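Read the structure below first, then the notes.
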Amino acid sequence: MQWHLFEQAGAPMTLRLDRQQDYKRFIDGAQLTDLLTDLSADLAQGLLLLPQEALDAFPGAEDDLRQGRWSPAAAALIGDLTALARRWVTRPAMTRGMHPGAATVLNTAACLMRAQLDAVDAAGPTVLTRAPRPSVVARTRVLAPARLRSALAWSLTPMTVPTARPPAADPGDPGPAADDTGLRPPPSHPDGMRAPQIAADRMPSHVAVIMDGNGRWAEQRGLPRHEGHRAGIAAVYETVYGALEIGLRHLTLYMFSTENWKRDTEEITNILEATRRELDEGPLRDMNVRQRWSGRPDRLPQDLVHSLRREEHRTRTRTGLTLTTCINYGGRDEITRTAAALAQAAREGEVDPHLLGEDDFARHLPHPDMPDVDLLWRTGNEQRTSNFLPWHAAYAELYFTPGYWPDNDRRDLWQAITEYSRRQRRHGAVPTPLTSPANHHWPPHTRPDPRRRAR
Ligand code: IPE
Ligand code: IPE
Ligand code: MG
């Protein structure tokens with residue numbers, strides 16, 4: 001957050017240990033302000049992320065909010081949390097003794113959050129249906145004097161900006177160092193393999209993967225199924241690293257389907273718990289990956305839903321790979337929910353059912369900006385799509401490989417993309433003669449061995 005901006009501007013800020021409690025409270029206040037602002041969007045997805053102690057302190061409020069009812073208990077709870085957030089973001093001691101420029105930025109952030117909380121207060125029952133926003137006047141009242149104060153502070157009290165750090169000679173363990181944005185590049189392949197160069201017009205934008213065969217991988221080794229899922233996690237990271245290295249824009253992974261509830265409770269718990277752990281502690285947290293989740297929240301453990309939503313929110317401005325994980329996802333469920341959203345829009349007069357087109361449908365999908373799948377890859381020697389992305393993959397190139405998922409690494413993703421780059425897509429048009437083979441090449445030392453690799 002703010003400290004990060006200072007670092008980026010080349011003005012690192014020293015945080016004082018004796019003010020740690022203040023910093024922590026301030027960040028808690030910022031997060032609570034976000035939760036109150038996003039209440040309507042969360043409720044629309046069946047989520048209530050407000051702190052459980054607060055919900056418990058106002059009997060009946062939790063049920064009322066989940067039902068979208070604005071009751072006295074719900075109003076009292078929101079009023080109480082808004083006041084709490086206001087107290088938490090108001091920490092005058094935090095900026096005392098700080099460089100005046102840096103202090104202005106933090107104080108301005110606090111003022112903006114208070115304006116946001118005023119908007120939550122003023123919204124009343126509409127906080128349940130749309131995100132409250134402070135008026136332009138309210139924002140200008142904060143920002144205009146802040147700009148002036150900030151310009152004055154930086155010009156009157158210049159700060160010595162340290163020279164740029166030279167790159168570390170050996171990034172060493174634990175993986176490459178973070179760059180100026182605080183994000184790390186992916187660790188390189190253990191054998192030093194590098195991504196093939198694929199011509200831009202031959203690169204898929206969106207690769208979706210049905211990661212199948214974890215159970216059989218484990219059975220083949222006489223291990224319990226959960227060992228297969230555990231081994232599959234390493235293949236997930238390898239694939240994401242490979243996607244970052246080759247410059248893929250969208251990668252969508254099928255982690256748990258709406259049909260997978262038919263499995264043993266123990267296996268299900270294992271898969272979902274491992275997913276939550278990786279979200280909370282895994283290496284992608286510091287990479288340039290925008291994480292998103294597609295699926296239904298019901299039946300999933302609350303802490304998993306919370307972690308999924310948190311990472312989605314925390315990484316929303318990242319510019320690298322968009323990684324969508326499909327958990328409790330079903331393609332028919334997605335289509336049914338979209339149809340329901342369209343029906344609602346029609347009832348409210350926003351769309352005319354007689355004029356509905358495919359674009360209208362696509363706009364009502366849970367992630368309207370997800371592009372069509374170019375390449376759908378399934379491992380594990382099965383040739384079916386198992387209810388995965390029926391809308392987006394309608395014209396995808398299909399690619400099936402025999403190996404079990406845990407046996408894959410980033411080279412297999414590169415191989416899949418290379419295969420895709422050789423395909424001729426027609427989309428129903430008359431084929432044009434192929435003038436030249438696909439315009440890509442492997443640097444000689446990275447040419448993959450087409451035979452199955454021994455591991
Ligand atoms: C895919 O592997 C992972 C999930 C469905 C969660 P499987 O668990 O389906 O493995 P197989 O198909 O039984 O080998
Ligand atoms: C598809 O694999 C779902 C995931 C990979 C998460 P399954 O193993 O569940 O699919 P089926 O049962 O073979 O069709
Ligand atoms: Mg399977």
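Start at 1 and go down the list; that is how both ligands and their atoms are numbered. Predicted, not measured: the structure shown is a model, and the values here were computed from it. The analysis underlying the following values was restricted to heavy atoms, covering all of them including side chains, and did not include hydrogens, waters or symmetry mates.
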Could you check if a side-chain atom of Leu48 sits within less than 4.5 angstrom of a side-chain atom of Glu62, using non-hydrogen atoms only?
yes
With the threshold set at 4.0 Å, does a side-chain nitrogen-carboxylate oxygen contact exist between Glu334 and Arg337?
no
Does Gly215, backbone or side chain, put an N or O under 3.5 Å from an N or O of ligand 1?
yes
Which of the atoms of ligand 2 are close to Arg384, meaning less than 4.0 Å from one of its heavy atoms?
11 (P), 13 (O), 14 (O)
Contact check, Lys262 vs ligand 2, heavy-atom distance below 4.0 Å
no
Find all atoms of ligand 1 within a distance of less than 4.0 Å from any non-hydrogen atom belonging to Ile271, and give their numbers and elements.
6 (C)
When you measure from atom 4 (C) of ligand 2 to each heavy atom in Tyr254, Tyr329, Phe388, Trp405, which option holds the nearest one?
Tyr254
Between Glu259 and ligand 2, find which residue part has any heavy-atom pair under 4.0 Å and reply side chain, backbone, both or neither.
neither
For residues Asn288 and Leu321, determine if any side-chain heavy atom of one lies less than 4.5 Å from a side-chain heavy atom of the other.
no
Any Glu382 heavy atom less than 4.0 Å to ligand 2:
no
What pair of heavy atoms forms the shortest contact from Val127 to Leu36, and how long is it?
CG2-O, 4.1 Å
Before accepting this row, confirm whether a basic side-chain N of the pair Glu219/Arg216 lies closer than 4.0 Å to the acidic partner's carboxylate O.
no
May I ask whether Gly213 places a heavy atom under 4.0 Å from ligand 1?
yes
Geometric class of the Tyr399/Trp377 ring pair [parallel <30°, tilted 30-60°, perpendicular >60°]
tilted
Among protein heavy atoms, which sits nearest to atom 9 (O) of ligand 2, and what does the distance come to when rounded to 0.1 Å?
Asn260 ND2, 2.9 Å
Do ligand 1 and Asn214 have nitrogen or oxygen atoms that lie under 3.5 Å from each other?
yes
If you have a sec, work out which protein heavy atom is nearest atom 2 (O) of ligand 2 and how many Å separate them, to one decimal?
Arg378 NH2, 3.7 Å
For a distance under 2.8 Å, tell me if Asp212 has an N/O/S atom near the Mg ion (ligand 3).
yes
Heavy atoms only: which of Glu267, Gln220, Arg216 lies closest to atom 11 (P) of ligand 1?
Arg216
Please confirm whether Tyr329 and Trp293 have ring centers closer than 6.0 angstrom.
no
Using side-chain heavy atoms (C-beta onward) and a distance below 4.5 Å, is Arg378 in contact with Arg384?
yes
Give the atom numbers and elements of ligand 1 that come within less than 4.0 Å of a heavy atom of Met211.
1 (C), 2 (O), 3 (C)
Asp212 N/O under 3.5 Å from ligand 2 N/O:
yes
Please check if the number of heavy atoms outside Glu273 that lie under 6.0 Å from its CD is greater than 12.
yes
Taking only heavy atoms of Phe256, which atoms of ligand 2 are found under 4.0 Å from at least one of them?
6 (C)
For ligand 2, which atoms sit closer than 4.0 Å to a heavy atom of Ser386?
10 (O), 11 (P), 14 (O)
4.5 Å side-chain heavy-atom contact, Val373 and Tyr395:
no
Can you find a pair of side-chain heavy atoms, one from Met211 and one from Met255, that are under 4.5 Å apart?
yes
Verify atom 14 (O) of ligand 2: protein non-hydrogen atom under 4.0 angstrom away
yes
Looking at atom 5 (C) of ligand 1, what's its closest protein heavy atom, distance included?
Arg263 NH2, 3.3 Å
Mode of Glu219 contact toward ligand 1 - side chain, backbone, both, neither (heavy atoms, under 4.0 Å):
neither
Whether over 12 other heavy atoms sit under 6.0 Å from Glu358 CD:
no
Does the plane of the ring in Trp261 sit parallel, tilted or perpendicular to the ring in Phe256? Use 30° and 60° as the thresholds.
perpendicular
Closest approach of any protein heavy atom to atom 6 (C) of ligand 1, naming residue and atom:
Met255 O, 3.3 Å
Touching ligand 1 at all, His229? Heavy atoms, strictly under 4.0 Å?
yes
